Amino acid sequence: MFSGFAKLFVPREKMAAMADTARWVLGFKPGTLKAIGALEILGAVGLSLPALLGVAPILVPLAAVGLALIMTDAMIVRIRRGETKAALGDEAYLATHGDLNPPRPVDTPPGPARTSQP
C-alpha cells in the first residue's frame with residue numbers, strides 16, 4: 001500500500017532519484033503512475049478489508065488477481081529495461097505471495113461441497 005501512496009503523492013522525478021531501480025517511473029506519464037498507485041491501493045484494500053469486516057469475500061480473489069497482473073506487468077517493464085535482477089525480485093515476490101486460495105475456516109473440509117445422500 002505504501003508503494004501505491006508514493007505513486008499518488010510523490011512527484012515522479014523525486015521517485016526516480018530514490019533508487020536506480022525506481023528510474024522506470026520516468027517512462028510513464030504522471031497520470032499513468034497515479035492510476036497504477038490507485039490500483040495498488042485498491043488491491044491492498046480488497047485483500048484486507050473483507051477479512052477485517054467480514055463482508056464481500058469475493059473481493060479477495062479479485063484483488064489478488066489484480067495485484068498479480070500489476071506485478072506481472074512490473075516484471076515485463078523491468079525485463080524490457082534490462083533490469084533482470086529487479087525482475088527476478090518481482091517474480092520471487094509474486095511466487096511467494098501469489099496464493100489465490102483464501103484461508104478456510106477450520107471446520108470446512110477441502111474439496112467440493114458435500115451433498116446429502118437420498
Side-chain angles (χ1 to χ4, degrees):
M1 192 181 291
F2 175 75
S3 162
F5 280 114
K7 289 179 185 80
L8 278 176
F9 300 112
V10 177
R12 71 182 181 148
E13 290 76 17
K14 188 171 182 179
M15 282 182 63
M18 290 181 184
D20 287 337
T21 57
R23 294 187 54 78
W24 66 269
V25 299
L26 296 175
F28 290 87
K29 295 179 183 176
T32 303
L33 289 176
K34 290 184 186 314
I36 293 169
L39 290 171
E40 288 177 356
I41 292 168
L42 287 173
V45 168
L47 286 177
S48 56
L49 203 59
L52 292 173
L53 300 179
V55 296
I58 187 66
L59 290 179
V60 175
L62 294 175
V65 168
L67 288 172
L69 290 172
I70 289 172
M71 289 300 297
T72 302
D73 289 341
M75 289 186 322
I76 292 168
V77 167
R78 291 195 186 274
I79 289 168
R80 286 182 177 171
R81 290 181 47 84
E83 300 173 357
T84 52
K85 286 185 181 180
L88 288 174
D90 290 341
E91 191 275 331
Y93 183 84
L94 180 60
T96 58
H97 294 85
D99 185 9
L100 298 179
N101 296 316
R104 297 177 181 265
V106 176
D107 62 344
T108 304
R114 312 271 183 203
T115 58
S116 61
Q117 298 291 329

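Model, not experiment: these values are computed from the prediction. FYI, the numbering just counts along the sequence from 1.
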So which heavy atom on Arg78 is nearest to which on Asp90, and how close?
-> NE-OD2, 2.8 Å

Minimum-distance pair of heavy atoms, taken over all atoms of Ala87 and Met75 | O-CG, 3.8 Å

Check against side-chain contact (heavy atoms from CB on, under 4.5 Å), Leu59 and Leu49 = CA-CA 9 Å; Leu59 290 179; Leu49 203 59; over 6 Å; no

Counting only heavy atoms not in Arg81, do more than 12 sit closer than 6.0 Å to its CZ atom?
-> yes

Hey, mind stepping through Val77 and Asp73 against side-chain contact (heavy atoms from CB on, under 4.5 Å) and telling me if it holds?
-> CA-CA 6 Å; Val77 167; Asp73 289 341; 5.6 Å; no

Indicate if Leu33 and Leu39 have the same hydrophobic cluster label, given that clusters are the connected sets of ILVMFWY residues with side-chain heavy-atom separations under 4.5 angstrom.
-> no

Could you check whether the rings of Phe9 and Phe5 sit parallel, tilted or perpendicular, using 30° and 60° as the cut-offs?
-> parallel

Please report the shortest heavy-atom distance between Pro61 and Ile58, naming the atom on each side.
-> CD-O, 3.2 Å

Is Leu42 linked to Leu52 within one hydrophobic cluster, defined over Ile, Leu, Val, Met, Phe, Trp and Tyr using a side-chain heavy-atom separation of less than 4.5 Å?
-> no

Does Lys34 offer a backbone N or O that forms a donor-acceptor pair with the side chain of Lys7 under 3.5 Å?
-> no

Value for CD (Glu13) from CE (Met15), rounded to nearest 0.5 Å, stands at 10.5 Å

With hydrophobic residues grouped by side-chain heavy-atom distances under 4.5 Å, do Ile79 and Leu26 end up in a single group?
-> no

What heavy-atom pair brings Pro57 and Pro50 nearest, and what distance separates the two atoms?
-> CA-CB, 4.3 Å

Could you give the distance from CG (Leu62) to CG (Leu67), rounded to the nearest 0.5 Å?
-> 11.0 Å

Look at the side-chain heavy atoms of Ile, Leu, Val, Met, Phe, Trp and Tyr, link any pair under 4.5 Å apart, and say whether Phe28 and Met71 land in one connected group.
-> no

Do you know which two heavy atoms are closest between Gly43 and Ala63, and how far apart they sit?
-> O-CB, 3.4 Å

Compare every heavy atom of Glu83 with every heavy atom of Thr21, then report the nearest pair and how far apart it is.
-> O-OE1, 4.2 Å

Common cluster, Ile70/Val25, ILVMFWY with side-chain heavy-atom separation under 4.5 Å = no

